[in-house]
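Index from 1, following the sequence.
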Amino acid sequence: MTFKAPDSLAEQIAHHLAERIIRGEMKPGERIQEQKVTLALNVSRGSVREALLILERRHLIAILPRRGAHVTELTAHKVQSLCALMGEMYILLANAVATGWKVQADLAPFVQIQQRLTASYERQDIHAFVDDSFNVMRATYGFANNPYLQETVENLQPAMSRAYFLALEQRKASMSEYLELFEHLLAAVIARDYAQIRTVLTAYCQRSCDLVISALTDA
């Protein structure tokens, strides 16, 4: 049995604030005042300060001397940089699965996620669809067995979620496209075709980047 400790209070506060930033309720450049958060959530100032450090590590806020904490700006350059880096890490994770799977049961989590993605597409539930898009990557961690890679991906995931959320309407039109890409990716992993894994994931990340930048331009 795997023991999972409950999230600390600081993690819970960070998650609460992250959701507001990801959903656009807190705008780029908006200041986050420790005292206001402390009073609103009825928590200690120390826990809020720790939560802000977590959010800074996850690239959702910047903490500047004498200016305090502010929601980071989302620019085309940042989106392109983030997608390029995440793409390479996705390739590392997919390659680890291709190398490590031994029996069909090892691939069951990915097949289940594929089924959930299809169901979300049929319901046009973009939120569940995006959540399961990230669950694909989390299902690879056991194969990669690389704590540094896992930590880096998890710290960048909220910034990716924020970018995807901005592009929800555009992304809704691309859900079927993503399902097709995932089908190709799964086939490449099963075949241990590393060149095809790179081709599919590069195309996916470029398409995602284009959608987010389009949304930024229209905003």
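- Remark: the Ser47 side chain and the Ser44 side chain contain an N/O donor-acceptor pair separated by less than 3.5 Å.
- The distance from atom CG of Leu64 to atom CZ of Arg31, rounded to the nearest 0.5 Å, is 11.0 Å.
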Dump the intermediate steps for side chain to side chain contact (heavy atoms under 4.5 Å, CB included) on Tyr141 and Val153, then the final yes or no. CA-CA 10 Å; Tyr141 290 159; Val153 172; 3.4 Å; yes
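- With 3.5 Å as the limit, one finds a donor-acceptor pair spanning the side chains of Ser161 and Gln157.
- Side chain of Trp101 to main chain of Ala96: no donor-acceptor pair is present (N/O by atom type, distance under 3.5 Å, no hydrogens or angles).
- Scanning all heavy atoms of the two residues, the minimum distance from Met175 to Tyr121 falls at CE-CA, 3.4 Å.
- With sequence neighbours excluded, the residues satisfying side chain to side chain contact (heavy atoms under 4.5 Å, CB included) with Arg58 are Glu11, Ile54, Asn155, Pro158.
- Contact annotation: the side chain of Leu93 never approaches that of Gln150 to less than 4.5 Å [non-hydrogen atoms, C-beta and beyond].
- In this structure, Gln114 CD and Leu107 CG are separated by 11.0 Å, a value rounded to the nearest 0.5 Å.
- Shortest non-hydrogen contact noted between Ala76 and Leu216 is N-CD1, 3.8 Å.
- When side chains are defined from C-beta on, Val43 counts as touching Val48, because their heavy atoms get closer than 4.5 Å.
- Residue pairs meeting the salt bridge (charged side-chain N to carboxylate O under 4.0 Å, His left out) criterion with at least one member in residues 189-200, sequence neighbours excluded: Glu88-Arg198.
- In this structure the side chain of Phe110 reaches within 4.5 angstrom of the side chain of Thr140, judged on heavy atoms.
- Inter-residue side-chain proximity for Val71 and Lys27 is flagged as unmet; no heavy-atom pair is nearer than 4.5 Å.
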Evaluate the side chain to side chain contact (heavy atoms under 4.5 Å, CB included) criterion for residues Leu17 and Leu55: first the C-alpha distance (whole Å), next the side-chain angles of each, then the deciding distance (0.1 Å), finally the verdict. CA-CA 8 Å; Leu17 294 174; Leu55 291 175; 3.6 Å; yes
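- Listed here is the closest heavy atom pair of Ala94 and Leu201: CB-CD1, 3.8 Å.
- Linking Ile, Leu, Val, Met, Phe, Trp and Tyr residues whenever their side-chain heavy atoms come within less than 4.5 Å places Met137 and Val212 in a single cluster.
- Applying the side chain to side chain contact (heavy atoms under 4.5 Å, CB included) test to Arg45 and every residue at least two apart in sequence or in another chain returns Glu34, Gln35, Thr38, Arg49.
- Under a 3.5 Å cut-off, the side chain of Thr202 and the backbone N or O of Thr199 do not form any donor-acceptor pair.
- Met26 is not listed as a side-chain neighbour of Glu19, based on a closest heavy-atom distance of 4.5 Å or more.
- Residue Leu39 is not grouped with residue Ile13 when hydrophobic side chains (ILVMFWY) are merged at heavy-atom distances under 4.5 angstrom, including chains of intermediate members.
- With values rounded to the nearest 0.5 angstrom, Ile91 atom CD1 is found 10.0 Å from Leu185 atom CG.
- A pairwise comparison of heavy atoms in Leu74 and Ala163 identifies CD2-CA, 4.2 Å as the closest pair.
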If you apply the rule side-chain hydrogen bond (donor to acceptor under 3.5 Å, both in side chains), what do you find for Ser208 with Tyr178, and how did you get there? CA-CA 9 Å; Ser208 298; Tyr178 176 78; over 6 Å; no
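- For residues 62-81, the pairs satisfying side-chain hydrogen bond (donor to acceptor under 3.5 Å, both in side chains) are Thr72-Arg162, with sequence neighbours left out.
- Within the 4.5 Å cutoff, no side-chain heavy atoms of Val130 are placed close to those of Phe165.
- Within the structure, every pair that satisfies the salt bridge (charged side-chain N to carboxylate O under 4.0 Å, His left out) test and touches residues 98-124, not counting sequence neighbours, is listed here: Arg116-Asp132, Arg123-Asp125.
- The two residues Ala139 and Pro109 make their nearest non-hydrogen contact at CB-CB, 4.4 Å.
- Interatomic distance, OG of Ser120 versus CG of Leu179, reported as 9.0 Å (0.5 Å rounding).
- Looking at Ser133, its side chain does come within 3.5 Å of a backbone N or O of Phe129 through a donor-acceptor pair.
- For the atom pair Tyr204 OH and Met86 CE, the distance stands at 8.5 Å (nearest 0.5 Å).
- Tyr90 approaches Phe134 most closely through the heavy-atom pair OH-CE2, 3.8 Å.
- Put simply, CG on Leu149 and CG on Leu92 are 6.0 Å apart, with the number rounded to the nearest 0.5 Å.
- With sequence neighbours left out, Ile63 forms a side chain to side chain contact (heavy atoms under 4.5 Å, CB included) with Leu52, Leu53, Glu56, Ile61, Ala69.
- Clustering ILVMFWY residues whenever any of their side-chain heavy atoms sit less than 4.5 angstrom apart, transitively, puts Leu166 in the very cluster that holds Leu82.
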